[in-house]
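Have a look at the structure below, then the notes.
Worth knowing before you read on, the calculation uses all heavy atoms, side chains too, and leaves out hydrogens, waters and symmetry mates.
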Amino acid sequence: MISKENILASAKKTILSESQSIAKLTDFLDENFIEATQNIYNSKGRLVVTGIGKSAIIAQKMVATFNSTGTPSLFLHASEAIHGDLGMIQNDDSIICISKSGNSPEIKVLVPLLKRFGNTLIAITGNTASFLAKGSDFVLNTTVDAEACPNNLAPTNSTTAQLVMGDALAICLMEMRDFKPEDFAVYHPGGALGKKLLLRVKDMLEHTLKPMVSPDASIKKVIFEISEKRLGVTAVVDEDKVIGIITDGDIRRMLNDRDSFIDLTAKDIMTKNPKLIPSTAMVVDALNILEDFSITQLVVVDNGEYKGVLHLHDILKEGIL
């Protein structure tokens with residue numbers, strides 16, 4: 001039975017082996033990489049990424065990354081290409097073909113067909129003398145000394161190298177396009193990531209729940225307003241201007257400090273100069289303010305006009321954290 005120490009040693013050996021293979025890729029970056037990147041950037045068509053076996057899986061991940069970072073891409077399985085899927089390729093498309101050996105039977109059949117259309121062919125391969133490399137316009141070298149597999153058979157270091165080379169291409173293209181967070185948001189509208197990049201304060205305001213009292217309102221009125229609107233706070237508004245807020249915490253502290261509150265009004269217990277935020281602000285920025293000041297509510301004001309209250313709980317419900 002393998003000991004715990006041996007298990008950890010094997011895992012560390014694998015990670016180190018793959019990391020060393022990745023580090024060596026920097027030595028392979030040359031004019032081919034520059035020209036391949038420029039070709040993709042200047043292309044009027046899409047980027048088609050193809051491969052077979054484990055390389056096909058890497059190709060699919062590359063396509064996902066390219067599509068989400070501004071490079072329109074599609075996946076073409078090498079074995080399906082010769083059974084009709086070549087019709088996916090258009091005249092202006094650039095093509096990346098991934099293969100460790102560059103000499104598999106499917107690749108040897110596919111390369112001449114890809115070149116027949118006159119498209120630019122970019123090879124990502126670990127064999128720069130292979131059939132694929134010789135038939136390509138640009139060659140991105142992903143040679144590894146060996147696989148992390150103890151039998152040197154299972155694709156490990158080689159597929160990791162392919163993946164990293166694809167990421168390097170994607171990041172270069174992002175920078176060439178000056179791809180910004182707001183551009184990224186266009187392709188990621190769903191989930192927590194999309195909400196962080198797209199959701200604004202105004203999108204979360206429930207306008208029917210707009211707690212407010214006058215400065216002279218009784219404490220009873222204040223308690224009623226906080227309870228009814230269920231936000232744990234009410235704004236104190238004088239002549240359409242927010243002059244303070246009262247939280248349920250303020251109410252509890254008042255009750256602890258006084259035996260009677262019949263003579264008190266809202267202005268007597270309110271917190272002046274509350275934290276304000278415009279409705280056009282990003283929700284993620286509102287969250288940062290809440291965290292920085294250890295508060296749970298922000299008063300939303302546009303050009304001096306009270307719009308409502310944004311509560312931390314509502315942000316958490318959206319799954320932004």
Side-chain angles (χ1 to χ4, degrees), residues 180-182 184-186 188-321:
K180 299 188 182 321
E182 51 267 32
F184 197 81
V186 172
H188 297 78
L193 180 59
K195 289 175 181 177
K196 280 184 179 181
L197 296 170
L198 290 174
L199 199 62
R200 296 186 182 274
V201 170
K202 62 184 177 182
D203 299 322
M204 296 189 62
L205 284 184
E206 177 52 72
H207 296 290
T208 60
L209 300 177
K210 190 178 174 182
M212 56 188 294
V213 295
S214 68
D216 297 324
S218 67
I219 300 302
K220 181 178 180 180
K221 169 65 176 174
V222 171
I223 295 173
F224 180 80
E225 185 71 0
I226 292 175
S227 176
E228 182 183 45
K229 300 301 169 60
R230 304 189 304 277
L231 290 172
V233 66
T234 182
V236 181
V237 180
D238 186 22
E239 297 182 354
D240 297 324
K241 181 180 179 182
V242 176
I243 63 171
I245 61 168
I246 302 172
T247 68
D248 48 11
D250 294 326
I251 297 295
R252 287 192 297 272
R253 284 186 288 274
M254 178 204 67
L255 293 175
N256 286 332
D257 295 340
R258 300 177 64 95
D259 294 327
S260 173
F261 56 83
I262 193 169
D263 58 331
L264 295 179
T265 60
K267 65 176 179 291
D268 297 321
I269 65 169
M270 72 180 185
T271 299
K272 297 179 181 179
N273 302 316
K275 299 299 177 186
L276 308 178
I277 193 166
S279 67
T280 54
M282 304 303 296
V283 170
V284 68
D285 293 329
L287 177 60
N288 290 334
I289 295 173
L290 293 172
E291 291 179 336
D292 289 344
F293 291 94
S294 298
I295 55 179
T296 57
Q297 303 103 341
L298 280 173
V299 178
V300 184
V301 174
D302 287 338
N303 299 319
E305 182 183 356
Y306 174 50
K307 293 294 184 178
V309 173
L310 179 66
H311 199 288
L312 175 63
H313 293 166
D314 294 325
I315 299 176
L316 297 179
K317 286 178 183 177
E318 291 293 334
I320 289 179
L321 278 179

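- The list of side chain to side chain donor-acceptor pair (under 3.5 Å) pairs with a residue in residues 268-285, not counting sequence neighbours, reads Thr265-Asp268, Ser279-Asp302.
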Run the numbers on Ile245 and Gln297 for side-chain contact (heavy atoms from CB on, under 4.5 Å), then give the verdict. CA-CA 10 Å; Ile245 61 168; Gln297 303 103 341; 5.6 Å; no
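- When all heavy atoms of Ala266 and Ile219 are compared, the closest pair comes out as N-CD1, 4.4 Å.
- A side chain to side chain contact (heavy atoms under 4.5 Å, CB included) with Thr234 holds for exactly one of Val213, Thr247, Ile251; it is Val213.
- Residues Leu310 and Met204 are in side-chain contact: their nearest non-hydrogen atoms beyond the backbone lie under 4.5 Å apart.
- Val283 is not listed as a side-chain neighbour of Asp203, based on a closest heavy-atom distance of 4.5 Å or more.
- Contacts of Asp250 classified as salt bridge (charged side-chain N to carboxylate O under 4.0 Å, His left out), with partners at least two apart in sequence or in another chain: Arg253.
- With sequence neighbours excluded, the residues forming a salt bridge (charged side-chain N to carboxylate O under 4.0 Å, His left out) with Glu305 are Lys307, listed by chain and number.
- Shown here are the side chain to side chain contact (heavy atoms under 4.5 Å, CB included) partners of Leu290, two or more places apart in sequence or in another chain: Ile295, Leu298, Leu312, Ile315.
- The shortest distance between side-chain heavy atoms of Asp314 and Leu231 falls below 4.5 Å.
- Remark: Asn256 CG is packed, more than 12 non-hydrogen atoms of other residues, nucleotides or ligands lying under 6.0 Å away.
- The salt bridge (charged side-chain N to carboxylate O under 4.0 Å, His left out) check on Asp263 picks up Arg258, with sequence neighbours excluded.
- In terms of the side chain to side chain donor-acceptor pair (under 3.5 Å) criterion, Asp238 has no residue partners (sequence neighbours excluded).
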